[in-house]
Visitor: 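Okay, here's the structure, questions in a sec.
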Amino acid sequence: MHNLKEIRKDFEAFKKAIQKRITDVDFTKLKTLDEQNRQAIQEKEKLEQQKKDISKSKDKDLFEKSKSISSSIDKISDDQKKIKLELDSILSNIPNIPHPDVPEGHTEKDNIEISKTGQIPNFDFKPKSHYELGEKLGMLNFDLATKTTGARFVFVRDKLAHLERALSNFMLDTHILNNGYEEVSPPLLASENTMFGTGQLPKFENDQFEIKTEEKTGRKFLIPTAEVILTNMVKEQIIDKKKLPYRFVASTPCFRKEAGSYGKDTKGMIRQHQFYKVELVSVVEQNKCQDELERMTNCATNILDQLKLPYRKVILCTGDMGFSAEKTYDIEVWLPSENRYREISSCSSCSTFQAVRMKCRYKNEKKEMEFVGTLNGSGLAIGRTLIAILENNQQKDGSIIVPKVLRPYMNNLEKISSN
RNA sequence: GGAGAGAUGGCUGAGCGGUUGAAAGCACCGGUCUUGAAAACCGGCAAAGGGGCAACUCUUUCCUGGGUUCGAAUCCCAGUCUCUCCGCCA
């Protein structure tokens with residue numbers, strides 16, 4: 001969320017920056033409401049002061065007057081609250097401002113490739129898709145999941161289930177031991193306010209799975225990514241600057257409705273309602289966001305390097321970025337069956353956008369309150385990594401070579417083949 | 001599920017109708033002292049919002065929402081959360 005005070009300083013510049021991303025914001029209304037809001041506050045404060053003076057004077061003759069002032073205050077205050085509510089609802093639906101580095105564009109076609117790493121495998125046979133391979137091995141079962149649960153779920157079984165767990169452990173260990181992240185095992189449900197903090201609500205409610213709960217305790221949602229719960233670990237806090245940066249890593253299931261992607265990636269486990277992901281989250285001083293983003297992205301690509309999977313790094317254009325992001329690198333892994341790169345990690349700096357929503361601050365050198373910067377990235381999406389290993393490491397007979405770094409996690413198993 | 005206790009500043013913790021935005025301690029920052037550091041001493045130190053170029057100033061805030069009162073951190077009602085004990089279940 002944007003700080004109104006900052007917007008006010010240069011309204012036109014704000015408008016221009018936002019219009020790079022979306023255009024359906026009613027800027028005139030925003031401005032008018034802000035002015036009305038401030039005017040109401042001023043009126044209210046004037047009356048409050050009068051009332052305070054009367055109360056201090058303890059002059060009985062003025063008590064009646066104070067009562068009538070009270071009712072005026074109530075009225076103005078009600079109006080002001082309504083204005084503020086409307087103001088906040090406009091504000092909370094405006095995305096983050098893109099960083100100057102971000103290329104302008106509308107779709108993923110306008111993203112810009114930054115680098116390519118690794119060797120694309122050369123097969124002397126027609127490479128199969130991950131779901132063909134998995135089903136043939138008897139270790140991926142989509143039909144069974146449809147029967148027990150519904151579309152876009154999968155049973156991963158036997159060696160592939162083990163591989164999935166090995167991936168999670170390997171990634172966690174790497175980030176904890178080599179990259180300085182603290183391991184976290186978080187709740188998988190988040191409150192409405194927590195979802196608001198990272199920007200999933202109010203605008204993207206349709207993508208979230210909501211859990212039925214007792215009334216009164218508030219709405220609860222299954223986390224669509226651990227970013228939500230890890231980032232909100234610092235919500236409503238004033239952090240001691242010395243403790244920054246915070247770096248958290250968690251491996252969790254993620255739940256997404258994938259509304260609006262009907263008919264897209266319906267085959268296989270590219271796009272599921274539930275998937276595992278190892279998530280990295282950093283909380284930093286606001287001027288360190290860019291450095292941290294590079295660092296985080298390197299942590300993610302390092303996993304692919306170790307797994308010897310070919311990938312490319314892309315910077316997302318303004319139109320393809322997420323709501324809360326100011327700048328995003330996507331890491332895309334090579335998928336032989338599709339003959340193209342597919343997203344396996346997305347690393348974003350959210351500048352202070354989420355911090356304002358979460359109310360997370362620290363004191364800078366000048367002892368001024370500043371909002372922290374938050375970043376998140378996948379390191380990596382487990383399901384898609386599994387897919388990439390299946391497809392890139394497949395043999396003519398349909399068996400799969402286990403990457404060397406994973407073997408210690410799999411009882412030194414070198415190859416996965418049907419029993 | 002039953003019975004109690006509580007929620008105050010970054011933290012601990014007093015206050016229980018009228019300069020209380022809130023004692024005290026810790027932490028933190030600045031200074032004196034010291035070769036340096038520590039200790040000791042002195043001083044400072046809440047946030048949000050409004051007004052002002054600024055120095056500064058005003059308003060709000062003691063879990064949340066109502067109520068009583070000229071006036072509420074303090075009294076009343078409702079709710080949320082936390083803790084302790086008992087029961088139940090992992």
Visitor: I would like to know whether A:Q49 and A:D53 meet side chain to side chain donor-acceptor pair (under 3.5 Å); could you show each step before the answer?
Guide: CA-CA 6 Å; A:Q49 182 139 31; A:D53 289 341; 5.0 Å; no
Visitor: To the side chain of A:K5, which of B:U59, B:G71, B:G50 is closest?
Guide: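 That would be B:G50.
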Visitor: Nearest to the side chain of A:K67 - B:C70, B:G49, B:A47?
Guide: B:C70
Visitor: Whether the A:Q208 and A:E192 side chains hold a donor-acceptor pair (N or O, under 3.5 Å, no angle test) is what I'd like checked.
Guide: no
Visitor: May I ask you to check whether over 12 heavy atoms, not counting those of A:K235, lie within 6.0 Å of atom NZ?
Guide: yes
Visitor: Send over the distance from A:E43 CD to B:U60 P, rounded to a whole Å.
Guide: 16 Å
Visitor: Could you say whether A:E64 or A:M369 is positioned toward the 5' end of RNA chain B, judged by the nucleotide with the nearest heavy atom to each?
Guide: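 Mapping each residue to its closest nucleotide by heavy atoms, the 5'-most match is A:M369.
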Visitor: Taking the six-membered ring for Trp, are A:F155 and A:F142 ring centroids under 6.0 Å apart?
Guide: no
Visitor: 5'-most contact on RNA chain B: A:L4 or A:I54, nearest heavy atom basis?
Guide: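 Going by which nucleotide is closer to the 5' end, it is A:L4.
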Visitor: When you compare B:C75 with B:G18, how far apart are their P atoms, in angstrom units rounded to a whole number?
Guide: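 Pairwise P distance, B:C75 against B:G18, rounds to 12 Å.
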Visitor: Suppose you measure atom P in B:A47 against the same atom in B:C42; what distance do you get, rounded to whole Å?
Guide: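 The answer is 25 Å between these two P atoms.
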Visitor: Side chains of A:K51 and A:S70: any donor to acceptor distance under 3.5 Å?
Guide: yes
Visitor: Nearest whole Å is fine: how far is B:G49 P from A:D88 CG?
Guide: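 Atom-to-atom, A:D88 to B:G49, this comes out as 11 Å.
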Visitor: Tell which nucleotide pairs with B:G30, taking only Watson-Crick or G-U wobble pairs whose two distances are both under 3.5 angstrom.
Guide: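 Pairing partner: B:C42.
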Visitor: Considering every strand and a 4.0 Å limit on heavy-atom distances, what is the contact class for A:K46: base, sugar-phosphate, or nothing?
Guide: nothing
Visitor: Between B:C58, B:C29, B:G71, which nucleotide has the shortest distance from any of its atoms to the side chain of A:K242?
Guide: B:C29
Visitor: If the P atom of B:G15 is compared with that of B:A23, how far apart are they to the nearest Å?
Guide: 14 Å
Visitor: What is the distance, to the nearest angstrom, from the CG atom on A:L33 to the P atom on B:G50?
Guide: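 These atoms are roughly 14 Å apart.
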Visitor: Can you say whether a donor on the side chain of A:E45 sits under 3.5 Å from an acceptor on the base of B:G51, or the other way round?
Guide: no
Visitor: Under 3.5 Å for both donor-acceptor distances, Watson-Crick or wobble: does B:A54 have a partner, and if so which one?
Guide: none
Visitor: How long is the line joining CD1 of A:I69 and C1' of B:U69, in whole Å?
Guide: 15 Å
Visitor: Expressed as a whole number of Å, how far does the P atom of B:G79 sit from that of B:A22?
Guide: 34 Å
Visitor: Out of B:C58, B:U60, B:G66, which has the shortest distance to the side chain of A:E48?
Guide: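 Closest nucleotide among those given: B:U60.
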Visitor: Looking at B:G50, B:A48, B:C70, which one has an atom nearest to any side-chain atom of A:R361?
Guide: B:A48
Visitor: Roughly how far apart, to the nearest Å, are B:U20 and B:C76 at atom C1'?
Guide: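 Each nucleotide's C1' atom is 22 Å from the other's.
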Visitor: What is the nucleic acid contact for A:S66, judged by heavy atoms within less than 4.0 Å: base, sugar-phosphate only, or nothing?
Guide: sugar-phosphate
Visitor: Give a yes/no on whether any side-chain N or O of A:K363 is located under 4.0 angstrom from OP1 or OP2 of B:C29.
Guide: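 Answer is no, no contact under 4.0 Å.
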Visitor: Which label fits A:H273 and A:F153: parallel for a plane angle under 30°, tilted from 30 to 60°, or perpendicular past 60°?
Guide: tilted
Visitor: Once you round it to whole Å, what is the distance between C1' of B:A27 and NZ of A:K243?
Guide: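 Checked: the NZ to C1' distance equals 10 Å.
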Visitor: Output the rounded distance in Å from OH (A:Y362) to C1' (B:A47).
Guide: 17 Å
Visitor: Does A:Q49 place a side-chain N or O at less than 4.0 Å from the phosphate oxygens OP1/OP2 of B:U59?
Guide: yes
Visitor: Using Watson-Crick or G-U wobble geometry with both distances under 3.5 Å, which nucleotide pairs with B:A73?
Guide: none
Visitor: Looking at A:R38, I'd like to know whether one of its side-chain N or O atoms comes within less than 4.0 Å of OP1 or OP2 on B:G51.
Guide: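 For A:R38, the contact criterion (side-chain N or O under 4.0 Å from OP1 or OP2 of B:G51) is met.
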Visitor: Answer yes if the side chains of A:E164 and A:Y276 hold a donor-acceptor pair under 3.5 Å, and no otherwise.
Guide: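 Short answer, no.
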Visitor: How far, in whole Å, is B:G51 from B:A38 if one measures between their C1' atoms?
Guide: 47 Å
Visitor: Looking at B:U84, which nucleotide sits across from it as a Watson-Crick or G-U wobble partner, both distances under 3.5 angstrom, or is there none?
Guide: B:A3
Visitor: Only one of A:R247, A:E294, A:H175 clears side chain to side chain contact (heavy atoms under 4.5 Å, CB included) with A:C299; which?
Guide: A:H175
Visitor: Just the rounded figure in Å: distance from P of B:A48 to CD of A:Q80.
Guide: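 Taking CD of A:Q80 and P of B:A48, I get 17 Å after rounding.
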Visitor: Any base atoms under 4.0 Å from A:K44, or only sugar-phosphate, or nothing? Heavy atoms, all strands.
Guide: nothing
Visitor: Pick base, sugar-phosphate or nothing for A:K359, based on heavy-atom distances below 4.0 Å to the nucleic acid.
Guide: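 Here A:K359 touches no strand at all.
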Visitor: Expressed in whole Å, how much space separates the P atoms belonging to B:C58 and B:C83?
Guide: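 Between the two P atoms, the distance is 42 Å.
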Visitor: Find the distance A:Q237:CD to B:G9:C1' and express it as a whole number of Å.
Guide: 15 Å
Visitor: For B:A22, which nucleotide in any strand shown is its Watson-Crick or wobble partner with both distances under 3.5 Å?
Guide: none
Visitor: Say you pick atom C1' in B:A55 and the same atom in B:U69; how far apart are they, in whole Å?
Guide: 39 Å
Visitor: Applying a 4.0 Å non-hydrogen cut-off, can you work out what A:K65 is touching in the nucleic acid: base, sugar-phosphate, or nothing?
Guide: nothing
Visitor: Watson-Crick or G-U wobble partner for B:G79, using a 3.5 Å limit on both distances?
Guide: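 Result: B:C63.
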